[in-house]
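Data block below; observations after.
Predicted model, so just to flag it, every value in this text is computed and none were measured.
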Amino acid sequence: MTSLTASDAAARLREQFGVEPSVEGALVVVPLALEQWQPAARFARATLGCAYFSFLTAVDWKEQGFEVLCRVENLDARVAVFMRTRLAPGADRCPTLTGVWRGADWMERECWDMFGVRFEGHPDHRRILLGEDWEGHPLRKDYAVDTPHAPYR
């Protein structure tokens, strides 16, 4: 699939999911509804050849809720797909991508640890950076930074 271009990938995603991806060089940025998250991931892996899982993280937009971001790549074609989805305000659940990319495992655990986003269907949902007795999620906007905590490991 080395003949794939970012424009081709955007067109296929548009056709398959009815979304409006933007193309920035070799990067395709695709906004997805939450229910499209896993299907789009499977599509990116199987159809677009994005076998490399680069990263996953979240952004806490406070009253607007969380946004979960993920970048996957087709290294042969040098095309990257940047998937983004919004969780409803007050929601903290997102479908896991561990069934599509094993590399999502630790990054989803880190996202849980730091932001409190729980990935439904994750095989090992426990803290990865902070102790199990740690209270809260330090990268959330509502986290009280002046609260004394035991040192993390």
Side-chain angles (χ1 to χ4, degrees), residues 6 9-10 12-24 27-75 79-153:
R12 291 179 186 185
L13 286 160
R14 186 178 301 111
E15 180 181 314
Q16 184 72 24
F17 296 100
V19 295
E20 279 305 318
S22 62
V23 177
E24 301 167 17
L27 178 67
V28 179
V29 179
V30 56
L32 297 162
L34 189 60
E35 60 273 4
Q36 295 173 317
W37 185 247
Q38 278 182 332
R42 286 191 290 273
F43 183 83
R45 174 92 192 227
T47 306
L48 303 179
C50 295
Y52 178 68
F53 185 88
S54 183
F55 71 85
L56 179 139
T57 192
V59 176
D60 182 355
W61 292 108
K62 209 165 181 172
E63 289 85 21
Q64 293 85 23
F66 289 103
E67 184 174 28
V68 180
L69 313 163
C70 170
R71 179 181 169 131
V72 296
E73 300 180 36
N74 178 327
L75 296 176
V79 171
V81 176
F82 189 80
M83 302 187 315
R84 48 194 316 168
T85 190
R86 284 278 184 150
L87 307 185
D92 63 357
R93 308 256 177 197
C94 183
T96 185
L97 298 182
T98 56
V100 182
W101 294 282
R102 285 180 41 200
D105 182 0
W106 285 28
M107 291 185 201
E108 287 181 353
R109 285 178 61 192
E110 180 183 23
C111 196
W112 153 248
D113 210 0
M114 296 289 105
F115 290 97
V117 174
R118 188 164 285 279
F119 291 88
E120 294 183 325
H122 193 282
D124 185 16
H125 221 298
R126 59 192 161 106
R127 290 193 183 267
I128 193 169
L129 298 173
L130 304 172
E132 288 297 326
D133 58 341
W134 190 277
E135 292 181 22
H137 305 279
L139 295 181
R140 291 178 73 128
K141 299 281 183 169
D142 61 0
Y143 185 74
V145 294
D146 58 347
T147 304
H149 291 285
Y152 60 90
R153 52 180 166 167

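Here the closest non-hydrogen pair linking Asp60 and Phe115 is N-CE2, 4.2 Å. Here the closest non-hydrogen pair linking Val79 and Ala6 is CG2-N, 3.7 Å. Heavy atoms only, all atoms of each residue included: Leu32 and Thr85 are closest at O-OG1, 2.9 Å. Across all non-hydrogen atoms, the minimal contact from Pro21 to Ala10 is CG-O, 3.5 Å. For the pair Leu56 and Phe119, the tightest heavy-atom approach, listed with the atom from each and the gap, is CD2-CZ, 3.7 Å. Taking both residues in full, the closest heavy atoms of Leu97 and Cys70 are given as CD1-SG, 3.9 Å, listed atom of the first, atom of the second, then distance.
Counting only heavy atoms from C-beta outward, the side chains of Val72 and Val100 never approach each other to under 4.5 Å. With contacts defined as side-chain heavy-atom distances shorter than 4.5 Å, the pair Arg126/Ile128 does not qualify. Contact of the Asn74 side chain with the Leu48 side chain is not registered, since no non-hydrogen atoms from C-beta on lie closer than 4.5 Å. When side chains are defined from C-beta on, Met83 does not count as touching Gln36, because their heavy atoms never get closer than 4.5 Å.
How far CZ of Arg93 is from CD of Glu120: 5.5 Å, rounded to the nearest 0.5 Å. If you take CZ on Arg86 and CG on Leu69, they are separated by 9.0 Å, rounding to the nearest 0.5 Å. Interatomic distance, CE of Met107 versus OG of Ser54, reported as 6.5 Å (0.5 Å rounding). Between atom CD of residue Glu35 and atom CZ of residue Phe17 there is a gap of 11.0 Å, rounded to the nearest 0.5 Å. To the nearest 0.5 Å, atom CZ of residue Arg42 and atom CH2 of residue Trp37 are 13.0 Å apart. Distance check, rounded to the nearest 0.5 Å: CH2 of Trp106 to CG of Asp113 gives 12.5 Å.
Without hydrogens or angle criteria, Arg109 side chain to Arg127 main chain gives a donor-acceptor distance under 3.5 Å. In this structure, Gln38 contributes its side chain and Thr96 its backbone to a donor-acceptor pair below 3.5 Å.
Using cut-offs of 30° and 60° on the angle between ring planes, the pair Trp134 and Tyr143 is parallel. Ring pair Phe53/Trp101 is tilted by interplanar angle, where 30° to 60° counts as tilted.
More than 12 heavy atoms of other shown residues, nucleotides or ligands fall within 6.0 angstrom of atom CZ in Arg14. Heavy-atom neighbours of Glu15 CD from other residues, nucleotides or ligands within 6.0 Å: at or below the threshold of 12.
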Could you walk me through whether Met114 and Leu130 pass the side chain to side chain contact (heavy atoms under 4.5 Å, CB included) test, one step at a time?
CA-CA 9 Å; Met114 296 289 105; Leu130 304 172; 3.6 Å; yes

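The residues Arg118 and Asp92 are annotated as not salt-bridged, no charged nitrogen and carboxylate oxygen being separated by less than 4.0 angstrom.
Using modelled atom types and a 3.5 Å distance limit, the side chains of Glu108 and Thr98 yield no donor-acceptor pair.
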